[in-house]
Amino acid sequence: MGLTKQYLRYVASAVFGVIGSQKANIAYVTLRGGEKGRYVAVAACEHVFIWDVRKGEKVLILQGQKHEVTFLCPSPDGVHIAVGYEDGAVRIFSLMNGENSVSFNGHKSAVTVIHYDGLGARLVTGSKDTDVIVWDIINECGLYRLRGHKDVITEALFLKDKNLLVTSSKDSFVKWWDLDTQHCFKTMVGHRSEVWGMVLLNQENRLLTGSADSELRAWDIDYLQEEKADGEPRVKKGKTLLDDDDDDDEDNEERILSCKKAGSILREARDRVVSLITDTKARVIACHGSDSVLELFTVLSEEEVQKKMTKKLKKAKKKAAKAQEGAGEEAAEPVVERKLKDEIIRLTNIKASGKIRWVDCLMCVGGELKIVLLLQNNTIETYSLKTSDKTPTANKTARLTLGGHRTAVRTLAFSSDNLAILSASGDTVKVWNRSTLQVIRTMACEYALCSLFVPGDRQIILGTKSGKLQIFELASGSLLETVDAHDGALWSLCLAPDQRGIVTGSADKTVKFWDFELVTDQGTGQKRLTLKHTRTLQLEEDVLCVKFSPDHRLLAVSLLDCTVKIFFTDTLKFFLSLYGHKLPVLCLDISHDNTLIATGSADRNVKIWGLDFGDCHRSMFAHDDSVMFLQFVPKTHLFFTAGKDKKIKQWDADKFEHIQTLEGHHREVWCLTISPNGDHIVSSSHDKSLRLWERTREPIILEEEREMEREAEFEESMAKGDVPVVPGETQGEAAPAGKKTADTVKAAERIMEALELYKEETRKMEEHKYACVNAGKELPPPKPNPILVAFGNITVSRTTIKNKFHLEVSLLVLPFSYVPELLKLLNSYIQQGLEVELVCRCLFFLLRIHFGQISSNQMLLSVIDELRDNTLSKVREIRDVMGFNSAALQFLQREIEKKEDVVFFAEATGQLEKKKKRRRKRERVVLTIA
């Protein structure tokens with residue numbers, strides 16, 4: 001059956017206008033061995049932008065999928081960056097080429113913290129679901145899930161020298177975890193409110209925590225020394241830890257470390273700590289609240305502290321000596337107590353141009369500290385200061401503001417040639433080049449609510465919240481005139497179809513008509529554009545939207561009383577009243593042939609009306625929140641709506657069908673504009689992003705579109721499901737790291753399909769063998785399955801080893817009826833030496849989760865017996881090969897070093913001989929002259 005009506009798909013083309021999203025932190029990164037402190041990574045909705053702060057340019061975009069970025073963490077070697085998302089996924093990108101190399105999926109909700117260990121081999125993630133997960137990056141798998149916190153995880157840090165983890169949460173607790181046994185051995189309860197930040201100082205011997213008050217609390221960590229000789233007990237506070245103790249829990253805590261409060265540092269800010277960070281060597285501490293002041297502290301080294309204490313002691317001795325002279329008595333030797341303020345001192349404060357959201361700092365050579373701030377008004381600022389100065393002052397080195405607005409964009413417009421885009425916010429209006437997405441002009445304006453390009457695209461007109469009309473000239477970027485048009489907010493303006501004027505609607509209950517005029521400027525003597533007020537239409541209610549019909553016959557006016565009134569343009573006589581909406585109509589548009597008018601309301605419905613009699617053709621429930629904008633695609637009866645539910649939808653006004661949904665924005669969509677040729681759409685949202693959508697040549701089949709929407713709903717519902725339970729395991733502090741998702745279910749189905757294919761192909765080969773024996777000659781082999789051919793004529797036994805991601809959860813979902821066949825297949829893999837490490841992982845996991853059923857199955861005893869022998873022998877063989885290779889490499893290293901040493905000494909000897917020859921020559925010359 002042919003397509004009766006063809007709809008073309010619109011797809012996301014680009015995200016622009018956002019410099020840095022507020023949800024995720026900012027981090028310094030290094031690109032291709034570039035200089036330190038030049039590049040920063042920030043979230044931009046679902047993507048990650050790498051900015052060159054010196055040039056103010058985007059140098060790399062790490063493409064996301066659908067969900068917003070919530071945390072960034074560069075790897076210790078600077079080659080990769082781990083990115084956490086709103087849906088709980090974690091992806092690791094290469095900073096060399098921007099490709100996603102590893103993906104993890106274990107959290108149910110947004111990732112709130114990510115950190116690497118010292119080697120960069122493990123990753124710890126914390127989430128809003130209160131779980132902490134440790135991941136193995138090399139094997140691309142989850143190691144374990146740590147449960148214990150009761151609220152959002154705010155920080156998680158590995159210790160470098162010990163296999164320990166410390167985590168903090170909004171439940172006011174700080175927990176210490178032993179990663180060898182995967183249990184919490186200590187909980188610190190010294191906070192009265194949420195713990196928002198945490199850093200380790202003094203070679204990890206001190207913990208500094210930030211809470212909801214103005215104190216930064218310091219805790220001294222005392223690690224207990226491990227015994228060096230066998231049987232020698234560890235000693236703590238005068239008793240051995242081998243002795244029995246009544247208080248077993250306290251003893252268990254004290255076996256690894258003890259924490260004691262060392263004091264607190266007072267911040268100047270009174271509100272909560274928003275972020276608390278240090279540089280890589282933990283010498284500088286940076287913290288800030290929800291205001292615009294960044295406070296910097298420096299951690300003194302032990303030598304500096306000792307010098308300070310010596311000076312203090314000298315002063316105390318002098319003071320005591322003076323007191324002794326005055327009293328005439330012998331005074332006791334003065335004692336100076338070492339306090340926290342002697343070790344951590346205030347460095348300076350930095351006042352940013354706006355409220356700070358995130359901070360990162362980097363210590364460079366020569367004691368130069370580089371600081372980057374992500375502000376709440378879509379701005380990045382960088383500062384530099386010398387920590388070695390007595391009174392260090394911060395200098396602002398860069399400010400990224402050009403590529404975005406400070407507040408959300410409330411109005412958009414396309415130029416008549418489809419090439420320029422106008423966007424206006426609460427303080428600026430910008431004109432963008434559509435093809436390059438670069439800013440052409442930025443001009444200061446009042447709070448803009450509506451806008452348009454004047455015919456000829458040389459001027460723009462803005463309607464403002466204060467009721468003024470502002471006219472700007474694009475060539476010079478200057479404000480030509482401000483017209484006091486209305487007494488209330490100017491909500492809407494529309495260009496007349498004859499292009500000779502405009503109409504404006506305002507909250508002062510009037511609709512005013514204006515004509516374009518050219519007048520001579522008093523200052524320059526040149527002609528410039530102005531607006532001349534011609535007519536006024538007085539109404540009973542506030543005007544929310546006005547629209548001319550394309551034939552200039554009618555004017556539609558949306559009022560605050562939930563009705564739309566239609567007037568004749570020439571006489572301003574009343575023609576029709578469209579009523580039916582329960583809440584005010586916020587947007588409307590008229591089709592190109594003057595037959596239809598579509599209205600969108602705060603009641604979440606869109607109604608389509610006939611313009612001949614004012615009858616309602618259809619009312620459709622369009623969005624889950626207010627419909628904010630509506631516009632017809634030029635020369636069609638298709639229209640787009642934008643809603644506060646973050647979605648943009650396309651509709652057919654003839655068939656009353658929903659065609660497609662454009663998802664991408666993460667906050668309310670305020671407005672959109674369609675290019676005059678209908679090929680491009682630009683939308684703006686409260687997340688400060690502008691999105692460009694392009695019309696493709698791909699047709700849309702509505703049934704397929706609805707099916708895809710149902711699949712997406714199913715995947716979302718599955719993502720909210722429970723973590724799979726391993727049989728025989730109690731749900732304690734530690735649990736498996738994986739999560740059941742649509743991907744894991746599909747992976748399990750692929751394993752089942754591969755096993756079915758293996759059984760079928762094995763049966764075919766046995767039948768062929770039997771037929772050859774009966775025939776007494778070699779018969780032509782049966783045709784292989786097309787799937788095997790597609791994979792390059794691989795053998796049937798290789799079909800199941802394909803997917804390394806989601807391995808354990810996929811095997812957990814796999815029904816037991818497939819397990820015996822899989823165990824036999826794994827045995828053959830081990831015999832052939834195919835990916836022994838991966839096979840052993842699968843084998844051990846299957847044995848652990850199906851232990852009861854496998855051990856009670858008599859048919860599998862021989863298979864398990866064979867597996868044990870084969871696994872042990874093959875693993876020993878691989879271990880021996882690796883040991884031999886390791887020894888060989890060490891031998892080669894020693895040989896190379898030995899040769900280099902010989903060459904080095906040979907060169908040194910040769911140079912010495914040359915020097916001696918030169919000296920003898922000079923001596924001979926001197927003797928000859930003498």
Side-chain angles (χ1 to χ4, degrees), residues 20 22 25-28 37 40 42 53 154-155 193 195-202 206-218 262-301 304-305 308 339-364 366-401 406:
Q22 308 302 302
N25 60 316
I26 188 166
Y28 275 112
V40 293
V42 287
V53 290
T154 55
E155 190 61 281
S193 54
V195 182
W196 288 102
M198 181 174 63
V199 289
L200 286 162
L201 308 171
N202 297 1
R206 174 164 289 154
L207 185 71
L208 195 70
T209 57
S211 188
D213 51 21
S214 58
E215 278 187 57
L216 295 177
R217 294 171 177 80
S264 59
I265 306 166
L266 280 175
R267 299 188 299 123
E268 287 183 1
R270 296 287 172 217
D271 54 352
R272 76 171 181 90
V273 169
V274 173
S275 61
L276 174 67
I277 59 136
T278 65
D279 65 314
T280 48
K281 292 184 178 175
R283 291 299 308 275
V284 175
I285 304 163
C287 71
H288 66 88
S290 54
D291 55 6
S292 59
V293 177
L294 177 73
E295 298 180 55
L296 294 174
F297 301 88
T298 184
V299 182
L300 300 178
S301 63
E304 290 169 326
V305 174
K308 198 172 182 181
K339 294 180 181 176
L340 185 66
K341 63 182 182 182
D342 297 320
E343 300 175 37
I344 301 173
I345 59 170
R346 185 178 293 276
L347 193 62
T348 187
N349 286 359
I350 295 175
K351 175 83 170 144
S353 61
K355 288 183 177 178
I356 303 170
R357 188 65 190 88
W358 297 100
V359 61
D360 194 21
C361 61
L362 184 70
M363 187 65 80
C364 300
E368 184 190 5
L369 181 71
K370 290 186 177 179
I371 297 157
V372 62
L373 303 175
L374 176 61
L375 307 184
Q376 288 186 10
N377 61 3
N378 197 27
T379 305
I380 292 173
E381 289 184 350
T382 60
Y383 293 84
S384 172
L385 60 89
K386 285 274 187 183
T387 53
S388 54
D389 294 349
K390 283 190 177 179
T391 53
T393 53
N395 301 314
K396 190 185 288 187
T397 51
R399 188 164 185 255
L400 301 184
T401 57
R406 309 285 71 74

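Reckoned from all heavy atoms, side chains included, excluding hydrogens, waters and symmetry mates.
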Excluding sequence neighbours, so at least two apart, what forms side-chain hydrogen bond (donor to acceptor under 3.5 Å, both in side chains) with [X]?
X      : result
Thr397 : Thr382
Asn377 : Thr379
Ser275 : His288
Ser264 : Glu215

Problem - Residues in salt bridge (charged side-chain N to carboxylate O under 4.0 Å, His left out) contact with Asp271, at least two apart in sequence or another chain - result: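 With sequence neighbours excluded, Asp271 shows a salt bridge (charged side-chain N to carboxylate O under 4.0 Å, His left out) to no residue whatsoever.
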
Practice task
Determine yes or no for a side-chain-to-main-chain donor-acceptor pair under 3.5 angstrom, with Gln22 supplying the side chain and Gly20 the backbone.
Solution key: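 Between the backbone of Gly20 and the side chain of Gln22 there is a qualifying donor-acceptor contact (under 3.5 Å).
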
The criterion is side-chain contact (heavy atoms from CB on, under 4.5 Å); which residues satisfy it with [X], sequence neighbours excluded?
X      : result
Ser214 : Leu266, Arg270
Ala218 : Arg206, Leu208, Ala262, Leu340
Asn25  : Phe71, Leu72, Trp358
Ser211 : His191, Ser193, Asp213, Arg217

Practice task
Any chance you could measure Leu347, atom CG, to Thr393, atom OG1, to the nearest 0.5 Å?
Solution key: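 If I round to the nearest 0.5 Å, the distance is 10.5 Å.
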
Quick one: closest heavy-atom pair of [X] and [Y], and the distance?
X      : Y      : value
Ile371 : Cys361 : CG1-CB, 4.1 Å
Tyr383 : Ala394 : CD2-CB, 4.3 Å
Arg406 : Asn378 : NH2-O, 2.8 Å
Glu368 : Ser384 : OE2-OG, 2.7 Å
Leu200 : Ala282 : O-CB, 3.6 Å

Problem - Lys308, NZ: over 12 other non-hydrogen atoms inside 6.0 angstrom - result: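 Count over threshold, so yes.
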
Exercise for the section: For atom NZ of Lys386, decide whether the heavy atoms of other residues, nucleotides or ligands shown that lie under 6.0 angstrom number more than 12. Expected result: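 Counting neighbours around NZ of Lys386, more than 12 heavy atoms of other residues, nucleotides or ligands fall under 6.0 Å, so yes.
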
4.5 Å side-chain heavy-atom contact, [X] and [Y]:
X      : Y      : result
Ile344 : Leu216 : no
Val40  : Asp360 : no
Leu201 : Glu343 : no
Ile356 : Leu375 : yes

Exercise for the section: Using side chain to side chain contact (heavy atoms under 4.5 Å, CB included) as the criterion, point out the one residue from Thr154, Val273, Thr209, Leu276 that pairs with Met198. Expected result: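 When Thr154, Val273, Thr209, Leu276 are each tested with Met198, the side chain to side chain contact (heavy atoms under 4.5 Å, CB included) holds only for Thr209.
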
Problem - With Val359, the side chain to side chain contact (heavy atoms under 4.5 Å, CB included) member among Ile26, Val372, Leu373 - result: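 Among the candidates, only Leu373 passes.
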
Throw together a table of side-chain donor-acceptor distances under 3.5 angstrom for residues 291-299, partners on residues two or more places apart or in other chains.
unit_1: Ser292; atom_1: OG; unit_2: Lys351; atom_2: NZ; d: 2.6
unit_1: Glu295; atom_1: OE1; unit_2: Glu268; atom_2: N; d: 3.0
unit_1: Glu295; atom_1: OE1; unit_2: Arg346; atom_2: NH1; d: 2.9
unit_1: Glu295; atom_1: OE1; unit_2: Arg346; atom_2: NH2; d: 3.3
unit_1: Glu295; atom_1: OE2; unit_2: Glu268; atom_2: N; d: 3.2
unit_1: Glu295; atom_1: OE2; unit_2: Ala269; atom_2: N; d: 3.3
unit_1: Thr298; atom_1: OG1; unit_2: Arg283; atom_2: O; d: 3.4

Problem - Pairs meeting criterion salt bridge (Lys or Arg N to Asp or Glu O under 4.0 Å) with involvement of residues 373-382, two or more places apart - result: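 As it turns out, the salt bridge (Lys or Arg N to Asp or Glu O under 4.0 Å) pairs with a partner in residues 373-382, which skip direct neighbours, are Glu381-Lys396, Glu381-Arg399.
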
